[in-house]
There are 2 protein chains.
Amino acid sequence: MSIEKVALLAGVSKATVSRVLNAHPGVKADTRDRVLAAISASEYQPNLLARQLRTAQSHMLLVLISDITNPFCSRVVQGIEAEAEAQGYHILLCNSASQRRRESAWLGLLTGKVVDGVITMDAASTLQDIAALIGDAPWVQCAEYDPAIAASSVAIDNRGAARETVRYLAGKGRRRIGLVNSDMRYLYSHQREAGYREQLEQLGLPWRGVAYAEEISCEAGSQALRQLLQQPEPPDAVLAVSDVLAVGVVHAALEAGLRVPEDLAVVGFDGIPFTRSLNPPLTTVEQPMYQLGARSVQLLLQRIRRPTSPVVRDLLPWKRVERASS
Amino acid sequence: MSIEKVALLAGVSKATVSRVLNAHPGVKADTRDRVLAAISASEYQPNLLARQLRTAQSHMLLVLISDITNPFCSRVVQGIEAEAEAQGYHILLCNSASQRRRESAWLGLLTGKVVDGVITMDAASTLQDIAALIGDAPWVQCAEYDPAIAASSVAIDNRGAARETVRYLAGKGRRRIGLVNSDMRYLYSHQREAGYREQLEQLGLPWRGVAYAEEISCEAGSQALRQLLQQPEPPDAVLAVSDVLAVGVVHAALEAGLRVPEDLAVVGFDGIPFTRSLNPPLTTVEQPMYQLGARSVQLLLQRIRRPTSPVVRDLLPWKRVERASS
DNA sequence: CTGAAAGCGCTTACAG
DNA sequence: CTGAAAGCGCTTACAG
């Protein structure tokens with residue numbers, strides 16, 4: 001009704017008001033002025049819902065995330081949001097905790113046409129479930145992905161990064177390099193552990209030590225280190241698959257009376273800003289968090305704009321940031 | 001059209017399908033069964049946009065946040081999301097960075113009927129600008145608020161918390177208690193500094209030292225401490241208005257060769273989980289982050305459901321968590 | 001350059 | 001208990 005009010009006020013048809021609103025070229029200058037005047041006089045606000053229904057696009061993106069509280073995730077979301085905004089899109093955030101029930105509630109927004117596409121950062125193990133709900137709607141998998149699913153993905157070479165890190169620690173003279181991994185629902189857990197084992201194999205280092213954290217938290221990291229420390233021969237270095245876990249590893253190490261890095265070198269993963277200000281500052285494998293998010297949006301919009309465009313699998317570069325903990 | 005397809009398939013009218021979809025009571029059992037069968041046979045998915053347009057409610061909430069990367073904020077968002085979900089609402093997240101341009105783009109979703117209400121966590125100084133855009137739409141201010149604005153708010157007693165913390169440090173024998181504050185666009189900065197000054201006054205402690213961090217980051221916290229350390233008589237204790245700043249304070253202190261807490265006691269603010277695993281573990285003033293979020297949703301829904309319901313100003317309890325840094 | 005009309009996919013009084 | 005019709009507020013061919 002509201003656009004009708006403006007039309008009445010300006011003495012034109014609804015169609016003309018709509019054309020002015022959408023900046024269509026063929027509108028006579030003084031007609032446009034009259035409409036514009038009526039718009040501001042009436043303080044008209046377009047009903048976006050109606051527009052979305054009519055044009056069948058919402059310019060909204062759904063983001064499914066497992067834990068917004070993880071600094072890695074929140075930084076990626078920042079990249080997603082910035083790029084989305086630059087392209088005229090808004091985002092809905094679902095902190096799914098990888099729970100199927102919650103995810104399907106949110107994915108109803110996809111089938112319900114409330115969003116134009118979805119970016120998932122969920123554990124790979126739940127992606128298969130989700131796939132059925134998403135069908136062939138535009139979908140990009142960010143950081144975590146399932147190679148068996150025909151959707152685009154953006155991530156890093158986790159296996160390579162783990163290999164290189166083990167090689168780096170070995171190069172520093174470490175011989176008993178442990179891995180503090182997260183639970184195996186994540187693809188990256190598999191990939192990083194594979195890289196870890198491969199490289200030890202290749203280097204001919206016999207010692208192995210892998211502990212699995214129950215969740216991504218400092219406490220879980222501490223707990224995992226304590227497990228490794230119980231071995232007859234304890235590790236002299238640890239790679240943790242998350243900076244958050246690494247904080248806990250360092251904490252437990254100091255608590256156990258070890259010196260970092262003298263007795264135990266520690267390397268984290270992700271490159272979260274605060275790692276720089278820890279004591280000691282943490283060596284870490286930095287992921288391009290912001291770009292992971294931004295690139296995901298680009299691939300998604302590509303799909304939304306041209307549904308036939310091919311699936312893309314992107315691997316972004318990582319880099320080691322060396323600090324005092326190793 | 002889709003509901004029409006189902007209607008055709010079931011041999012009933014669109015109205016009846018709609019009634020079944022919305023679980024209206026007065027539908028004959030076998031009619032309903034026929035409709036249900038048609039729904040699953042056709043894999044019908046309701047168009048939520050159409051429903052929202054028709055019913056004039058979207059069951060979506062807008063959350064305006066200044067920095068999702070701040071662990072305090074992301075934890076509050078978790079509370080918001082959980083409560084929203086429990087009540088059948090979804091959330092849109094805007095990481096506004098307190099930028100007016102971005103905020104107005106998002107608030108267009110409010111006037112455009114895409115969301116039913118808004119929760120802001122923006123700096124108080126920008127709230128006044130926003131107020132005009134929000135008009136009298138349902139609005140709750142979370143953590144940050146402007147007392148002059150007639151919208152509900154949920155926060156803690158910042159002044160009281162600061163007073164108590166100063167008293168606590170003084171009780172530990174500290175005489176030169178400094179404050180690492182954030183920039184003064186925030187209401188909490190004013191409130192906490194007021195409490196800080198009041199309590200020093202009351203205790204008859206003459207020493208004052210306040211440094212302002214340029215942003216909420218570890219580096220900015222370090223920078224602020226370095227300023228305080230330049231005074232002729234350096235502080236023997238510091239209260240930082242954010243745990244993130246406190247991490248930087250501790251880092252800079254150790255770097256300067258000070259022992260924490262022997263030479264410098266440090267207390268943070270917020271109660272972010274990882275403070276427990278720092279070295280040394282950080283004493284902090286814990287805010288009920290999750291509840292701040294959850295309560296905001298409750299007040300907002302109250303407003304949405306009964307637009308005439310009164311403005312509520314809630315103050316939630318905080319508590320000190322004592323650890324080794326003080 | 002502009003208007004009348006149809007339609008996006010629902011829900012909801014109003015009849016019967 | 002069910003259906004026909006109106007309407008939410010837009011946009012977009014189609015005429016003229």
Side-chain angles (χ1 to χ4, degrees), chain A residues 1-39 42-60 88 108-116 137 304, chain B residues 1-39 42-60 88 90 108-116 137:
Chain A
M1 205 57 128
S2 244
I3 208 179
E4 193 161 353
K5 198 177 69 176
V6 175
L8 246 44
L9 215 63
V12 298
S13 73
K14 292 191 306 177
T16 300
V17 176
S18 176
R19 289 190 188 103
V20 172
L21 244 22
N22 294 288
H24 283 203
V27 179
K28 228 175 14 178
D30 74 312
T31 314
R32 190 182 52 233
D33 291 347
R34 256 198 350 270
V35 172
L36 257 17
I39 286 175
S42 62
E43 295 192 317
Y44 166 72
Q45 299 282 5
N47 182 311
L48 267 25
L49 239 31
R51 179 180 295 170
Q52 291 171 4
L53 175 61
R54 182 53 231 245
T55 62
Q57 47 182 321
S58 67
H59 283 254
M60 305 228 278
L109 299 177
L110 226 201
T111 47
K113 307 299 180 190
V114 175
V115 299
D116 295 337
I304 289 174
Chain B
M1 207 59 131
S2 244
I3 208 179
E4 193 163 351
K5 198 177 67 177
V6 175
L8 246 43
L9 215 62
V12 298
S13 73
K14 295 190 304 176
T16 299
V17 177
S18 176
R19 289 192 187 100
V20 172
L21 246 21
N22 294 288
H24 283 203
V27 178
K28 221 166 30 169
D30 75 312
T31 315
R32 191 182 51 233
D33 292 347
R34 252 191 3 264
V35 171
L36 256 18
I39 286 175
S42 62
E43 294 193 316
Y44 167 72
Q45 299 283 3
N47 183 312
L48 266 27
L49 239 31
R51 179 180 293 170
Q52 291 171 4
L53 175 62
R54 183 54 232 248
T55 61
Q57 46 181 324
S58 67
H59 283 253
M60 306 228 276
H90 289 126
L109 298 177
L110 225 201
T111 45
K113 308 297 181 192
V114 175
V115 299
D116 295 337

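Listed by first and then second residue, the side-chain hydrogen bond (donor to acceptor under 3.5 Å, both in side chains) pairs that reach into residues 42-55 of chain A come to none, sequence neighbours excluded.
Within the 4.5 Å cutoff, the side chain of B:Lys113 has no heavy atoms near those of the A:Leu48 side chain. Looking at heavy atoms from C-beta onward, B:Lys14 lies out of side-chain contact with B:Val6 at the 4.5 angstrom threshold.
Residues satisfying the side chain to side chain donor-acceptor pair (under 3.5 Å) criterion with B:His90, sequence neighbours excluded, are absent altogether.
Across residues 25-39 of chain B, not one residue has a non-hydrogen atom less than 4.0 Å from an atom of DNA chain C.
Here the CG atom belonging to A:Leu8 is positioned 11.0 Å from the OG atom belonging to A:Ser13, to the nearest 0.5 angstrom. Taking OG of A:Ser58 as the start and CG of A:Leu49 as the end, the distance is 10.0 Å to the nearest 0.5 Å.
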Scan the side chains in residues 20-38 of chain A for donor-acceptor partners under 3.5 Å anywhere in the protein, sequence neighbours excluded, and list what turns up.
unit_1, atom_1, unit_2, atom_2, d
A:Asn22, ND2, A:Ser18, O, 2.8
A:Asn22, ND2, A:Ser18, OG, 3.4
A:Arg34, NE, A:Ala10, O, 3.0

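Stem analysis of DNA chain D (Watson-Crick or G-U pairs, both distances under 3.5 Å, runs of at least three) returns C:1-3 with D:14-16, C:5-12 with D:5-12, C:14-16 with D:1-3.
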With the sugar-phosphate defined as primed atoms, P, OP1 and OP2, and the base as all remaining atoms, what B/S/- string results for nucleotides 11-16 of chain C, 5' to 3', for protein heavy atoms under 4.0 Å?
BBB---
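Judged purely by atom type and a 3.5 angstrom limit, A:Asp116 has no side-chain atom pairing as donor or acceptor with the backbone of A:Gln57.
Using a 4.0 Å cut-off, no side-chain N or O of B:Ser2 falls inside it from OP1 or OP2 of C:dG9.
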